[in-house]
Amino acid sequence: MQKIKAGVLGATGNVGQRFIEMLNNHPWFELTSLAASDKSAGKKYGQAASWRLENKMPEDVGDMTVVPVDPKKVDADIVFSALPTELAKTMEPEFAKAGFAVASNASALRMMKDVPLVIPEVNPDHLGLIDVQQDERKWDGYVITNPNCTTIMMAVTLKPLAKFNIEKIYIASMQAISGAGYDGVPGMAILDNVIPYIGQEEEKVETETRKLLGEFNGSEIIDAPFKVSASCNRVMVMDGHTEAIWAEMADDPSPGEVKQAFLDFDPGLSGLPTEPTPVIEVKEEKDRPQPRLDRNIGGGMTVSVGRIRPGIRYICMGHNTIRGAAGASVLNAELLKKKGKL
Ligand code: NAP
């Protein structure tokens with residue numbers, strides 16, 4: 001099979017590095033372009049990027065020359081965007097206009113009415129918005145997005161609970177420092193500390209969740225009717241966002257019924273290479289899930305849940321730069337391919 005040419009925008013950053021790790025040797029995609037800022041463009045990737053992942057930088061990637069974030073300089077069919085928000089707002093449409101498929105991590109376009117915000121296990125039908133977007137904007141390409149790293153873990157766990165008629169969700173997050181990017185949180189601020197504020201995070205969790213669990217009526221998304229109330233905190237963990245969730249549901253399921261709904265969850269997406277098994281892992285131990293112990297389950301794509309109590313209250317946890325970022329976009333791209341959109 002001819003592989004699809006893939007570029008990474010923001011290739012030197014935290015999420016960009018995860019993209020490279022996940023796309024290197026991917027059965028369907030071939031890394032053909034790595035793009036970053038002017039300070040990196042023209043250098044070999046191995047010199048431009050300060051590699052921060054556990055696994056070594058792939059050797060052939062280190063030899064690739066970084067290009068600027070410019071549709072004329074990027075050789076790819078699909079670009080995976082890990083650009084800072086402000087830049088994403090202007091550059092992602094430029095790439096779509098130029099005919100690229102853009103799978104974005106950035107928040108810039110997520111809540112636009114004609115931009116699909118997708119988790120394959122939750123709302124694959126929302127990809128139908130691509131046709132609406134291309135009709136309205138007259139783009140040859142298109143932009144699809146994945147949610148914020150905190151939203152995604154919770155939304156995956158809410159999908160199997162939707163049948164109990166969700167009325168209200170409360171969430172308190174404990175978010176890893178890698179979620180803020182390499183230069184995001186100074187060591188002096190986070191060491192021995194909890195920071196009870198993450199700019200715009202609560203708003204993102206509250207709005208994106210409703211779009212994700214909303215209904216696509218053929219032309220637009222009707223938000224899910226329940227309310228979400230979020231309180232987001234930065235904690236001294238490297239990778240892995242932990243979330244305490246209170247889910248009020250009209251059908252008032254027991255903890256056993258909720259646990260069974262998690263265990264039975266099968267989104268039926270067979271054949272996507274990055275799809276984890278299981279999508280949701282139920283931890284039986286009373287002190288799990290924990291980021292250090294559980295963030296790499298399913299290659300970092302599984303969301304772990306535990307401590308399911310009456311109320312319903314439970315904890316969920318997932319790897320923020322894999323399931324919450326690069327892995328989410330790669331899974332979306334695999335879904336695009338499966339649906340004939342690539
Ligand atoms: P990061 O580590 O700061 O990386 C930023 C990347 O963007 C670098 O490759 C950088 O290139 C490039 N860049 C910065 N300014 C640029 C410019 N003016 N022109 C061209 N390229 C530029 O950030 P990150 O954590 O990877 O986050 C990237 C995006 O993903 C953000 O929108 C973020 O909100 C989103 N996101 C992050 C996470 C997470 O867990 N970290 C989760 C979900 C979504 P240089 O190295 O050349 O400067």
Side-chain angles (χ1 to χ4, degrees), residues 10 12-18 50 52-54 82-89 104-108 110-111 117 145-158 168-210 212 227-247 283 287-296 300 303-307 313-328:
T12 48
N14 264 358
V15 177
Q17 295 186 15
R18 285 285 180 205
S50 127
R52 294 183 283 269
L53 303 186
E54 307 83 355
L83 292 173
T85 306
E86 276 310 306
L87 193 63
K89 200 180 288 177
S104 174
N105 257 285
S107 61
R110 273 180 206 149
M111 292 308 292
L117 173 65
T145 60
N146 52 262
N148 162 278
C149 46
T150 308
T151 310
I152 196 164
M153 314 306 171
M154 178 170 76
V156 165
T157 67
L158 293 183
K168 176 108 203 202
I169 297 294
Y170 300 89
I171 165 176
S173 70
M174 292 147 270
Q175 301 183 213
I177 54 178
S178 62
Y182 189 68
D183 298 326
V185 188
M188 292 278 277
I190 194 68
L191 199 66
D192 185 30
N193 211 1
V194 170
I195 300 173
Y197 172 73
I198 303 175
Q200 294 300 306
E201 195 80 353
E202 288 150 0
E203 292 83 347
K204 289 177 192 167
V205 175
E206 289 170 359
T207 55
E208 291 175 17
T209 306
R210 298 182 64 213
L212 285 159
K227 291 271 183 295
V228 180
S229 179
S231 195
C232 295
N233 306 280
R234 188 75 68 194
V235 298
M236 209 183 70
V237 167
M238 182 65 92
D239 290 312
H241 288 356
T242 305
E243 301 170 8
I245 294 170
W246 292 254
K283 308 302 291 184
D287 59 354
R288 301 280 275 277
Q290 295 181 21
R292 219 170 55 198
L293 302 181
D294 300 316
R295 63 190 165 209
N296 290 321
V303 176
S304 298
V305 297
R307 307 210 59 232
R313 294 164 286 167
Y314 63 96
I315 305 293
C316 81
M317 196 282 308
H319 199 303
N320 53 297
T321 64
I322 302 178
R323 171 46 99 164

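Applying the side-chain hydrogen bond (donor to acceptor under 3.5 Å, both in side chains) criterion to T157, with sequence neighbours excluded, gives Y314. Listed by chain and number, the residues in a side-chain hydrogen bond (donor to acceptor under 3.5 Å, both in side chains) with S173 are Q175 (sequence neighbours excluded). Every residue was checked against the side-chain hydrogen bond (donor to acceptor under 3.5 Å, both in side chains) condition with E243, not counting sequence neighbours, and none meets it. Residues meeting the side-chain hydrogen bond (donor to acceptor under 3.5 Å, both in side chains) test with K89, sequence neighbours left out: E86.
The heavy-atom pair separating K283 from S304 by the smallest distance is CG-CB, 4.2 Å. Contact record, N105 with G324: OD1-O, 4.2 Å, taken as the closest heavy-atom pair. Counting all heavy atoms, side chain and backbone alike, R52 lies closest to G13 at NH2-C, 4.0 Å. The nearest pair of heavy atoms linking D287 to Q290 is O-NE2, 2.9 Å. Scanning all heavy atoms of the two residues, the minimum distance from I195 to V185 falls at CD1-CG1, 4.2 Å. Taking each heavy atom of L83 and A106 in turn, the nearest pair found is O-CB, 3.6 Å.
In this structure, CD1 on I171 lies 4.5 Å from CE on M154, to the nearest 0.5 angstrom. Atom CE of residue M174 and atom CE of residue M236 lie 15.5 Å apart, to the nearest 0.5 angstrom. Atom CG of L212 is separated from atom CG of N146 by 9.5 Å, given to the nearest 0.5 angstrom. Of the inter-residue distances, the one linking L117 atom CG with S104 atom OG reads 10.5 Å to the nearest 0.5 angstrom. Atom CG of L293 sits about 8.5 Å away from atom CE of M317, to the nearest 0.5 Å. Going from atom CD1 of I198 over to atom CG of N233 covers 6.5 Å, rounded to the nearest 0.5 Å.
Surrounding CE of M238 are at most 12 heavy atoms belonging to other residues, nucleotides or ligands under 6.0 Å away. Heavy-atom neighbours of K168 NZ from other residues, nucleotides or ligands within 6.0 Å: above the threshold of 12.
Put simply, the side chain of T209 does not reach to within 4.5 Å of the side chain of I169, judged on heavy atoms. In this structure, P289 and T242 have side chains that are not in contact, with every pair of non-hydrogen atoms separated by 4.5 Å or more. At least one side-chain heavy atom of C316 sits less than 4.5 Å from a side-chain heavy atom of I245.
Judged by distance alone, with hydrogens and angles left aside, the side-chain atoms of R295 form a donor-acceptor pair with the main-chain N or O of D239 at under 3.5 Å. Looking only at distances, a side-chain donor or acceptor of R234 sits under 3.5 Å from a matching main-chain atom of A176.
For residues 315-326, the salt bridge (charged side-chain N to carboxylate O under 4.0 Å, His left out) pairs, not counting sequence neighbours, are E121-R323. For residues 187-210, the pairs satisfying salt bridge (charged side-chain N to carboxylate O under 4.0 Å, His left out) are R110-E208, with sequence neighbours left out.
In this structure, a donor-acceptor pair under 3.5 Å is present between the side chains of N320 and S178.
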